[in-house]
Amino acid sequence: MALPKHLQNGLTPDELTFLAEEETIDIVPLFSMTRVRLLSGIYGPFTPPSSAKVPLWLALSLKRKRKCRIVPPEWLSIDRVQNVLKEERENAESFCSLPRRFIETSKVLLDVAQDDLMQPSLLRSLLKDLREVRQAKIRIGLQSEGVMRGSYLQVTNLTPLELSELKPFLVKAMGIMQSLEPRREDDEDEEEGQ
(Lines give C-alpha, C1' and ligand atoms only; values in the text may rest on other atoms or scores of the structure.)
Protein backbone atom coordinates (compact mmCIF):
# COMPACT_ATOMS: atom_id res chain seq x y z
CA MET A 1 0.00 0.00 0.00
CA ALA A 2 1.44 3.38 -0.99
CA LEU A 3 1.67 6.17 1.56
CA PRO A 4 -0.35 9.36 1.07
CA LYS A 5 1.54 12.23 -0.57
CA HIS A 6 1.90 14.19 2.69
CA LEU A 7 3.66 11.23 4.37
CA GLN A 8 6.17 10.56 1.60
CA ASN A 9 8.51 13.46 2.37
CA GLY A 10 10.29 11.70 5.22
CA LEU A 11 10.31 11.55 8.97
CA THR A 12 8.91 14.34 11.10
CA PRO A 13 10.91 15.87 13.98
CA ASP A 14 8.70 13.98 16.46
CA GLU A 15 9.43 10.68 14.71
CA LEU A 16 13.15 11.44 14.75
CA THR A 17 12.94 12.21 18.47
CA PHE A 18 11.18 8.88 18.97
CA LEU A 19 14.05 7.13 17.17
CA ALA A 20 16.60 9.06 19.25
CA GLU A 21 15.06 7.65 22.40
CA GLU A 22 16.52 4.25 21.47
CA GLU A 23 20.05 5.58 22.05
CA THR A 24 21.63 4.40 25.29
CA ILE A 25 22.51 6.73 28.12
CA ASP A 26 23.92 6.36 31.63
CA ILE A 27 21.75 6.86 34.69
CA VAL A 28 22.36 6.72 38.43
CA PRO A 29 19.34 4.90 39.84
CA LEU A 30 17.76 6.06 43.08
CA PHE A 31 16.30 2.59 43.72
CA SER A 32 17.58 -0.96 43.94
CA MET A 33 16.47 -3.68 41.56
CA THR A 34 17.93 -6.70 39.86
CA ARG A 35 18.04 -6.93 36.11
CA VAL A 36 14.84 -6.20 34.23
CA ARG A 37 13.95 -7.90 30.96
CA LEU A 38 12.13 -5.72 28.42
CA LEU A 39 11.38 -6.23 24.73
CA SER A 40 14.35 -4.05 23.77
CA GLY A 41 16.83 -5.86 26.01
CA ILE A 42 17.95 -6.66 29.54
CA TYR A 43 18.88 -3.69 31.71
CA GLY A 44 20.38 -3.40 35.15
CA PRO A 45 21.14 -4.27 37.83
CA PHE A 46 20.08 -0.98 39.37
CA THR A 47 22.03 -0.32 42.55
CA PRO A 48 22.76 3.20 43.72
CA PRO A 49 25.29 4.85 43.42
CA SER A 50 26.49 2.71 40.50
CA SER A 51 25.54 3.86 37.03
CA ALA A 52 23.57 1.74 34.57
CA LYS A 53 23.20 1.97 30.80
CA VAL A 54 19.60 2.17 29.57
CA PRO A 55 17.79 3.46 26.48
CA LEU A 56 16.93 7.15 26.61
CA TRP A 57 13.19 6.42 26.72
CA LEU A 58 13.64 4.37 29.91
CA ALA A 59 15.88 7.01 31.46
CA LEU A 60 13.28 9.69 30.74
CA SER A 61 10.50 7.56 32.22
CA LEU A 62 12.50 6.90 35.39
CA LYS A 63 13.47 10.58 35.62
CA ARG A 64 9.84 11.69 35.38
CA LYS A 65 9.06 9.33 38.28
CA ARG A 66 12.08 10.70 40.23
CA LYS A 67 13.70 7.25 40.24
CA CYS A 68 17.05 8.24 38.71
CA ARG A 69 19.50 10.96 37.80
CA ILE A 70 20.53 11.09 34.16
CA VAL A 71 24.25 11.33 33.48
CA PRO A 72 24.56 13.71 30.53
CA PRO A 73 26.64 12.48 27.60
CA GLU A 74 30.13 13.99 27.56
CA TRP A 75 29.34 15.84 24.32
CA LEU A 76 26.58 17.74 26.16
CA SER A 77 28.93 19.79 28.35
CA ILE A 78 29.34 23.54 28.04
CA ASP A 79 33.02 23.25 27.11
CA ARG A 80 32.37 20.70 24.34
CA VAL A 81 29.45 22.67 22.88
CA GLN A 82 31.49 25.90 22.98
CA ASN A 83 34.36 24.17 21.16
CA VAL A 84 32.04 22.78 18.49
CA LEU A 85 30.39 26.19 18.09
CA LYS A 86 33.79 27.85 17.70
CA GLU A 87 34.86 25.24 15.15
CA GLU A 88 31.59 25.65 13.19
CA ARG A 89 32.09 29.42 13.03
CA GLU A 90 35.74 29.14 11.96
CA ASN A 91 35.19 26.49 9.28
CA ALA A 92 32.75 27.90 6.73
CA GLU A 93 33.35 25.09 4.22
CA SER A 94 32.14 22.05 6.15
CA PHE A 95 30.12 20.88 9.12
CA CYS A 96 31.60 19.54 12.35
CA SER A 97 30.93 15.93 13.16
CA LEU A 98 28.22 15.63 15.81
CA PRO A 99 26.63 12.58 17.42
CA ARG A 100 23.92 11.21 15.13
CA ARG A 101 20.96 12.24 17.31
CA PHE A 102 22.62 15.32 18.82
CA ILE A 103 19.74 17.77 18.38
CA GLU A 104 16.94 15.46 19.46
CA THR A 105 18.79 14.06 22.49
CA SER A 106 19.92 17.46 23.75
CA LYS A 107 16.39 18.90 23.39
CA VAL A 108 14.79 16.03 25.29
CA LEU A 109 17.38 16.19 28.06
CA LEU A 110 16.97 19.95 28.41
CA ASP A 111 13.20 19.54 28.60
CA VAL A 112 13.04 16.63 31.03
CA ALA A 113 16.32 16.52 32.95
CA GLN A 114 17.62 20.05 33.10
CA ASP A 115 18.36 19.66 36.82
CA ASP A 116 20.94 16.99 35.85
CA LEU A 117 22.75 19.38 33.47
CA MET A 118 25.28 22.05 34.38
CA GLN A 119 23.98 25.56 33.63
CA PRO A 120 21.03 24.45 31.47
CA SER A 121 20.09 27.99 30.35
CA LEU A 122 23.63 28.65 29.04
CA LEU A 123 23.69 25.21 27.43
CA ARG A 124 20.32 25.85 25.76
CA SER A 125 21.61 29.19 24.43
CA LEU A 126 24.82 27.61 23.07
CA LEU A 127 22.86 24.82 21.38
CA LYS A 128 20.54 27.39 19.81
CA ASP A 129 23.57 29.34 18.52
CA LEU A 130 25.09 26.14 17.15
CA ARG A 131 21.85 25.27 15.36
CA GLU A 132 21.62 28.76 13.85
CA VAL A 133 25.23 28.64 12.62
CA ARG A 134 24.63 25.26 10.98
CA GLN A 135 21.36 26.46 9.39
CA ALA A 136 23.15 29.54 8.04
CA LYS A 137 25.79 27.26 6.50
CA ILE A 138 23.04 25.20 4.88
CA ARG A 139 21.45 28.35 3.40
CA ILE A 140 24.83 29.51 2.07
CA GLY A 141 25.45 26.02 0.67
CA LEU A 142 22.11 26.14 -1.15
CA GLN A 143 23.25 29.33 -2.88
CA SER A 144 26.61 27.85 -3.96
CA GLU A 145 27.59 27.41 -7.57
CA GLY A 146 27.36 23.60 -7.50
CA VAL A 147 23.77 23.68 -6.28
CA MET A 148 22.82 26.42 -8.75
CA ARG A 149 24.05 24.19 -11.57
CA GLY A 150 21.96 21.35 -10.12
CA SER A 151 24.92 19.06 -9.49
CA TYR A 152 25.49 18.66 -5.75
CA LEU A 153 25.17 19.95 -2.19
CA GLN A 154 27.73 19.06 0.49
CA VAL A 155 25.76 17.40 3.33
CA THR A 156 28.53 15.50 5.11
CA ASN A 157 28.10 15.54 8.91
CA LEU A 158 24.53 16.84 8.87
CA THR A 159 22.29 15.18 11.43
CA PRO A 160 19.17 13.26 10.35
CA LEU A 161 16.98 16.09 11.67
CA GLU A 162 18.84 18.68 9.57
CA LEU A 163 18.57 16.44 6.52
CA SER A 164 14.84 15.88 7.04
CA GLU A 165 14.29 19.65 7.25
CA LEU A 166 16.28 20.16 4.06
CA LYS A 167 14.92 17.25 2.03
CA PRO A 168 11.53 18.60 0.83
CA PHE A 169 13.04 21.85 -0.41
CA LEU A 170 16.09 20.18 -1.92
CA VAL A 171 14.14 17.52 -3.80
CA LYS A 172 11.83 20.11 -5.33
CA ALA A 173 14.64 22.56 -6.14
CA MET A 174 16.85 19.89 -7.72
CA GLY A 175 13.93 18.70 -9.87
CA ILE A 176 13.33 22.24 -11.11
CA MET A 177 17.05 22.80 -11.73
CA GLN A 178 17.33 19.58 -13.73
CA SER A 179 14.27 20.45 -15.81
CA LEU A 180 15.83 23.81 -16.68
CA GLU A 181 19.13 22.24 -17.67
CA PRO A 182 19.50 21.82 -21.45
CA ARG A 183 19.38 18.22 -22.59
CA ARG A 184 22.68 16.74 -23.66
CA GLU A 185 23.11 15.33 -27.17
CA ASP A 186 24.02 11.88 -25.75
CA ASP A 187 20.58 11.65 -24.09
CA GLU A 188 18.81 12.69 -27.30
CA ASP A 189 20.74 10.10 -29.36
CA GLU A 190 19.80 7.31 -26.92
CA GLU A 191 16.10 8.24 -27.12
CA GLU A 192 16.17 8.30 -30.94
CA GLY A 193 17.87 4.87 -31.06
CA GLN A 194 15.09 3.27 -29.01
Side-chain angles (χ1 to χ4, degrees), residues 1 3 6-85 87-88 95-135 138 155-168:
M1 183 168 97
L3 290 173
H6 69 280
L7 294 177
Q8 293 177 359
N9 289 336
L11 298 173
T12 65
D14 289 337
E15 292 168 333
L16 289 167
T17 300
F18 177 78
L19 292 174
E21 290 181 2
E22 288 299 321
E23 302 286 321
T24 59
I25 194 164
D26 288 329
I27 63 165
V28 176
L30 302 176
F31 64 98
S32 294
M33 182 184 236
T34 59
R35 292 182 171 205
V36 70
R37 181 182 303 266
L38 302 173
L39 287 174
S40 59
I42 301 171
Y43 305 104
F46 301 103
T47 53
S50 299
S51 66
K53 259 196 188 325
V54 297
L56 183 56
W57 64 265
L58 181 56
L60 295 172
S61 176
L62 291 171
K63 178 67 181 176
R64 287 183 182 111
K65 295 174 184 172
R66 295 187 174 105
K67 298 286 186 187
C68 77
R69 275 187 331 96
I70 295 178
V71 178
E74 62 182 54
W75 51 261
L76 195 55
S77 69
I78 290 174
D79 291 337
R80 288 291 286 273
V81 175
Q82 283 175 331
N83 289 339
V84 170
L85 180 60
E87 193 176 325
E88 284 285 357
F95 296 92
C96 295
S97 179
L98 295 174
R100 181 169 170 78
R101 304 287 182 193
F102 178 83
I103 297 167
E104 301 95 315
T105 304
S106 59
K107 182 187 180 319
V108 168
L109 289 177
L110 280 165
D111 290 346
V112 176
Q114 67 178 346
D115 58 324
D116 292 335
L117 302 171
M118 299 296 278
Q119 299 178 326
S121 58
L122 175 60
L123 192 55
R124 189 181 304 272
S125 175
L126 289 170
L127 289 167
K128 183 179 179 216
D129 291 345
L130 178 60
R131 186 123 162 84
E132 289 171 357
V133 167
R134 289 174 69 90
Q135 287 176 334
I138 290 170
V155 294
T156 307
N157 292 331
L158 287 182
T159 64
L161 181 63
E162 291 167 326
L163 287 171
S164 73
E165 292 171 342
L166 181 62
K167 184 181 174 186

Not counting sequence neighbours, which residues clear salt bridge (Lys or Arg N to Asp or Glu O under 4.0 Å) with [X]? List them please.
X: Lys107; value: Asp111
X: Glu87; value: none
X: Asp79; value: none
X: Arg80; value: Glu74

Taking the side chain as every heavy atom from C-beta outward, state whether [X] and [Y] have any pair of such atoms under 4.5 Å apart.
X: Leu109; Y: Leu56; answer: yes
X: Thr159; Y: Arg101; answer: no
X: Leu161; Y: Pro13; answer: yes
X: Lys167; Y: Leu163; answer: no
X: Leu60; Y: Lys65; answer: no
X: Ile27; Y: Leu62; answer: yes
X: Pro48; Y: Ser32; answer: yes
X: Leu16; Y: Pro160; answer: yes

[X]: which residues meet the side-chain hydrogen bond (donor to acceptor under 3.5 Å, both in side chains) condition with it, sequence neighbours left out?
X: Glu21; value: none
X: Thr24; value: none
X: Arg134; value: Glu88, Glu162

- prompt: Can you name the closest pair of heavy atoms from Leu11 and Ser164 and give their distance?
  reply: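 Nearest pair, atom of Leu11 first, then Ser164: O-CB, 3.7 Å.
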- request: Please name the pair of heavy atoms, one in Val71 and one in Ile25, separated by the smallest distance, quoted to 0.1 Å.
  value: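 Here Val71 and Ile25 meet closest at O-CG1, 3.7 Å.
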Got a second to check how far [X]'s [atom1] is from [Y]'s [atom2], nearest 0.5 Å?
X: Asn157; Y: Arg100; atom1: CG; atom2: CZ; answer: 12.0 Å
X: Leu158; Y: Cys96; atom1: CG; atom2: SG; answer: 11.5 Å
X: Leu76; Y: Ile70; atom1: CG; atom2: CD1; answer: 11.0 Å

query: Step by step, would you call Glu15 with Leu19 a side-chain contact (heavy atoms from CB on, under 4.5 Å)?
result: CA-CA 6 Å; Glu15 292 168 333; Leu19 292 174; 5.7 Å; no
message: Run the ring-ring contact (aromatic ring centres under 6.0 Å, His included) test against Phe18 and tell me which residues pass, sequence neighbours left out.
response: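 Listed in chain order: nothing, the list is empty.
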message: Which residues pass the ring-ring contact (aromatic ring centres under 6.0 Å, His included) test with Phe46, not counting sequence neighbours?
response: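 Result, ring-ring contact (aromatic ring centres under 6.0 Å, His included) vs Phe46: Phe31.
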- prompt: Taking NZ, NE, NH1 and NH2 as the nitrogens, is one of them in Asp115 or Arg69 under 4.0 Å from a carboxylate oxygen of the other?
  reply: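 Not counted as a salt bridge, because no side-chain N and carboxylate O are separated by less than 4.0 Å.
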Identify all side-chain donor-acceptor contacts of residues 121-133 below 3.5 Å with residues at least two apart in sequence or on another chain.
{"from": "Arg124", "atom 1": "NH2", "to": "Leu110", "atom 2": "O", "distance (Å)": "3.2"}
{"from": "Arg131", "atom 1": "NH2", "to": "Glu165", "atom 2": "OE1", "distance (Å)": "3.2"}
{"from": "Arg131", "atom 1": "NH2", "to": "Glu165", "atom 2": "OE2", "distance (Å)": "2.5"}

Which donor-acceptor pairs under 3.5 Å do the side chains of residues 34-43 make with protein atoms, sequence neighbours left out?
{"from": "Ser40", "atom 1": "OG", "to": "Tyr43", "atom 2": "OH", "distance (Å)": "2.9"}
{"from": "Tyr43", "atom 1": "OH", "to": "Ser40", "atom 2": "O", "distance (Å)": "3.1"}

- request: Take Leu30 and Lys67 through the test side-chain contact (heavy atoms from CB on, under 4.5 Å) and record every step on the way to the result.
  value: CA-CA 5 Å; Leu30 302 176; Lys67 298 286 186 187; 5.5 Å; no
message: Enumerate the side-chain hydrogen bond (donor to acceptor under 3.5 Å, both in side chains) contacts for residues 50-61, please, sequence neighbours excluded, ordered by first and then second residue.
response: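 Sorted pair list: Asp26-Lys53.
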